[in-house]
Amino acid sequence: MILTEIFKKALDGGYAIGQFNVSNLEQIRAICEVAKALQSPLILGTSEGERKFIGLKQITAIAKVWQEETGLPIIVNADHSRSFETAKTAYDAGYTGIHFDGSEFPYEENLKITKRVVEYVKSKNPDVIVEGELGRVRGSSEVHNEAIVLRESDFTDPDLAMQFIKESGVDSLAISYGNIHGVFGVSHSPRVTLGELHGEEVPKDGPWKTEKLDIERLKDIREKAGAFLVLHGGSGISAIDVKESIKNGIVKVNINTELRVAYVNTLREFLNKSEETTPYKIWPAVIEAVKKVVEEKMRLFGSINKI
Ligand code: 13P
């Protein structure tokens, strides 16, 4: 099944598909095993750094093997490709979803490169989905120890989104409406200040406000934009906001940091307590921890038993 059909089904059914970011075999195993057990559609994502590490051809081949073994459609998405060249290289290596992120370019430049990516991909295979990005999603997939200040200009403008989708021809659009990449603090509880957006002073040392999404803006974008909408920075967003977002048209939620935190914390704890030297005896605990996060997210997104 191709991704547009998967998204259409999700939109009609009021649920969303998780994109889980990976860079190694253990993470892929954890995600695919949970998806199989819960019969959930899934998308594996790799940023430019993640795919450089695991290998572009390697991950598309590995995903194919898991697809055969689980019987699930497994999309591999080239998350946050920052140039036409990296998007093209991913497509050429067999990626079945291409995300071009031109959000740091001025609007016209973003539009121009996005259009070029769409034209290239669609001329080769119209079934491969292209995701664009408009508005700035701040932060990166890590644990932040300082507040991130969101500015009005970071947020996706609904009218501009409508124009961008029409002119670029993207299938889906990543939008900014209060979401950031990463989580806050050691306990990875979500803390972010919306600062200027709500006309508030940014407290220097906290306490910071809980990350809060601007659902009204999402509704406005949804009404105007004729494309599937994507929520980046899914880690650390409250379950209520995620559910409200899905109710209002989000069909894909990207998760990375919470998987990384579960992976690294479990590995650190295991190695601190054990003298084990056999790799395959170390990884099961780590895989279990990642699986717990994936299961929690798939249940939250409502994507289980949707194959
Ligand atoms: P998080 O790291 O906040 O989960 O965001 C991941 C993401 O959006 C990848 O594109």
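Cation-pi check for Arg116 over Phe84 is met; the charged atom lies under 6.0 angstrom from the ring centroid and within 45 degrees of its normal.
Here the closest non-hydrogen pair linking Ala161 and Leu173 is CB-CD2, 4.0 Å. What you find for Ser303 and Pro41 is that their closest heavy atoms are O-CD, 3.3 Å. Contact record, Ser235 with Val183: CB-CG1, 3.6 Å, taken as the closest heavy-atom pair.
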Derivation of the side chain to side chain contact (heavy atoms under 4.5 Å, CB included) call for Gln19 and Ile255: CA-CA 6 Å; Gln19 175 192 298; Ile255 301 287; over 6 Å; no
List the steps, then state whether side chain to side chain contact (heavy atoms under 4.5 Å, CB included) holds for Asp101 with Ser81. CA-CA 6 Å; Asp101 174 6; Ser81 307; over 6 Å; no
Please report the C-alpha distance between His232 and His99 in whole Å, then the side-chain angles of each, then the deciding distance to 0.1 Å, and finally whether the side chain to side chain contact (heavy atoms under 4.5 Å, CB included) criterion is met. CA-CA 11 Å; His232 276 247; His99 170 215; 3.4 Å; yes
If you apply the rule side chain to side chain contact (heavy atoms under 4.5 Å, CB included), what do you find for Val290 with Val34, and how did you get there? CA-CA 10 Å; Val290 174; Val34 175; over 6 Å; no
Salt bridge (Lys or Arg N to Asp or Glu O under 4.0 Å) assessment of Glu269 paired with Lys273: CA-CA 6 Å; Glu269 201 181 313; Lys273 283 198 305 217; 3.6 Å; yes
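Checked by atom type and distance alone, the side chain of Glu258 pairs as donor or acceptor with a backbone atom of Gly236 at under 3.5 Å. Looking at Thr96, its side chain does come within 3.5 Å of a backbone N or O of Val76 through a donor-acceptor pair. Between the Asn110 side chain and the Leu134 main chain, no donor and acceptor come within less than 3.5 Å of each other. Here the side chain of Thr60 pairs a donor or acceptor atom with the backbone of Ala93 at under 3.5 angstrom. Side chain of Lys297 to backbone of Val253: no donor-acceptor contact under 3.5 angstrom is found. Panel note: side chain Ser47, backbone His80; no donor-acceptor pair is recorded below 3.5 Å. In this structure, Asn179 contributes its side chain and Ile175 its backbone to a donor-acceptor pair below 3.5 Å. A donor-acceptor pair under 3.5 Å links the side-chain atoms of Arg51 to the main chain of Thr46, judged by distance alone. Side chain of Gln39 to backbone of Ile307: no donor-acceptor contact under 3.5 angstrom is found.
The environment of Leu271 atom CG is dense: over 12 non-hydrogen atoms of other residues, nucleotides or ligands sit within 6.0 angstrom. Under a cut-off of 6.0 angstrom, the local environment of NZ in Lys243 is sparse, with at most 12 non-hydrogen atoms contributed by other residues, nucleotides or ligands. Within a 6.0 Å sphere centred on NZ of Lys112, other residues, nucleotides and ligands contribute 12 heavy atoms or fewer.
Evaluation of the salt bridge (Lys or Arg N to Asp or Glu O under 4.0 Å) rule for Arg136 yields Glu104 as partners, not counting sequence neighbours. With sequence neighbours excluded, the residues that form a salt bridge (Lys or Arg N to Asp or Glu O under 4.0 Å) with Glu216 are Lys219. Applying the salt bridge (Lys or Arg N to Asp or Glu O under 4.0 Å) test to Glu33 and every residue at least two apart in sequence or in another chain returns Arg29, Lys291. Residues passing the side chain to side chain contact (heavy atoms under 4.5 Å, CB included) test with Ile246 are Ala16, Val242, Phe301, sequence neighbours excluded. Under the side chain to side chain donor-acceptor pair (under 3.5 Å) criterion, Asp12 pairs with Lys8, not counting sequence neighbours. Under the ring-ring contact (aromatic ring centres under 6.0 Å, His included) criterion, Tyr15 pairs with no residue, sequence neighbours left out. For Lys52, there are no side chain to side chain contact (heavy atoms under 4.5 Å, CB included) partners two or more places apart in sequence or in a different chain. Shown here are the side chain to side chain contact (heavy atoms under 4.5 Å, CB included) partners of Glu142, two or more places apart in sequence or in another chain: Ser140, His144. Judged as a ring-ring contact (aromatic ring centres under 6.0 Å, His included), and not counting sequence neighbours, Phe20 has no contacts.
Going from atom CD1 of Ile237 over to atom CD of Glu244 covers 13.0 Å, rounded to the nearest 0.5 Å. The distance from the CG atom of Leu229 to the OG1 atom of Thr156 is 9.0 Å, given to the nearest 0.5 Å. Distance check: Tyr107 OH to Phe164 CZ gives 6.5 Å after rounding to the nearest 0.5 Å. With rounding to the nearest 0.5 angstrom, the CD1 atom of Ile165 is 10.5 Å from the CG atom of Asp171. Atom CZ in Arg260 sits 5.0 Å away from atom OG in Ser141 (nearest 0.5 Å). How far CD of Glu131 is from CD1 of Ile98: 10.5 Å, rounded to the nearest 0.5 Å.
A side-chain N or O of Asn254 and one of Lys252 form a donor-acceptor pair less than 3.5 Å apart. Using a 3.5 Å distance cut-off with no hydrogens or angles, the side chains of Thr86 and Ser83 do pair a donor with an acceptor. Defined by atom type and a distance below 3.5 Å, a donor-acceptor pair is present between the side-chain atoms of Tyr120 and Asp92. Between the side chains of Asn21 and Gln27, no donor-acceptor pair is found at a separation under 3.5 Å. Checked by atom type, the side-chain pair Thr278/Glu276 shows a donor-acceptor distance below 3.5 Å. A donor atom on one side chain and an acceptor atom on the other are not found under 3.5 Å apart for Ser168 and Thr114.
Pairs engaging residues 264-286 under the ring-ring contact (aromatic ring centres under 6.0 Å, His included) rule: Tyr263-Trp283 [sequence neighbours left out]. Applying the salt bridge (charged side-chain N to carboxylate O under 4.0 Å, His left out) rule to pairs touching residues 58-80 yields nothing, sequence neighbours excluded. The ring-ring contact (aromatic ring centres under 6.0 Å, His included) analysis of residues 27-56, with sequence neighbours excluded, yields no pairs.
Of the charged side-chain nitrogens involved, at least one lies within less than 4.0 Å of a carboxylate oxygen, so that Arg299 and Glu295 count as a salt-bridged pair. Salt bridge annotation for Glu119-Lys88: absent, with no cationic side-chain nitrogen under 4.0 angstrom from a carboxylate oxygen.
A single hydrophobic cluster is not seen to contain both Val137 and Phe100; linkage of ILVMFWY side chains at heavy-atom distances under 4.5 Å, directly or through other members, places them apart. The hydrophobic clustering, which links ILVMFWY residues whose side-chain heavy atoms are closer than 4.5 Å, places Ile28 and Ile74 together.
Partner of Leu11 under the side-chain contact (heavy atoms from CB on, under 4.5 Å) criterion, chosen from Ile6, Ile250, Val251: Val251.
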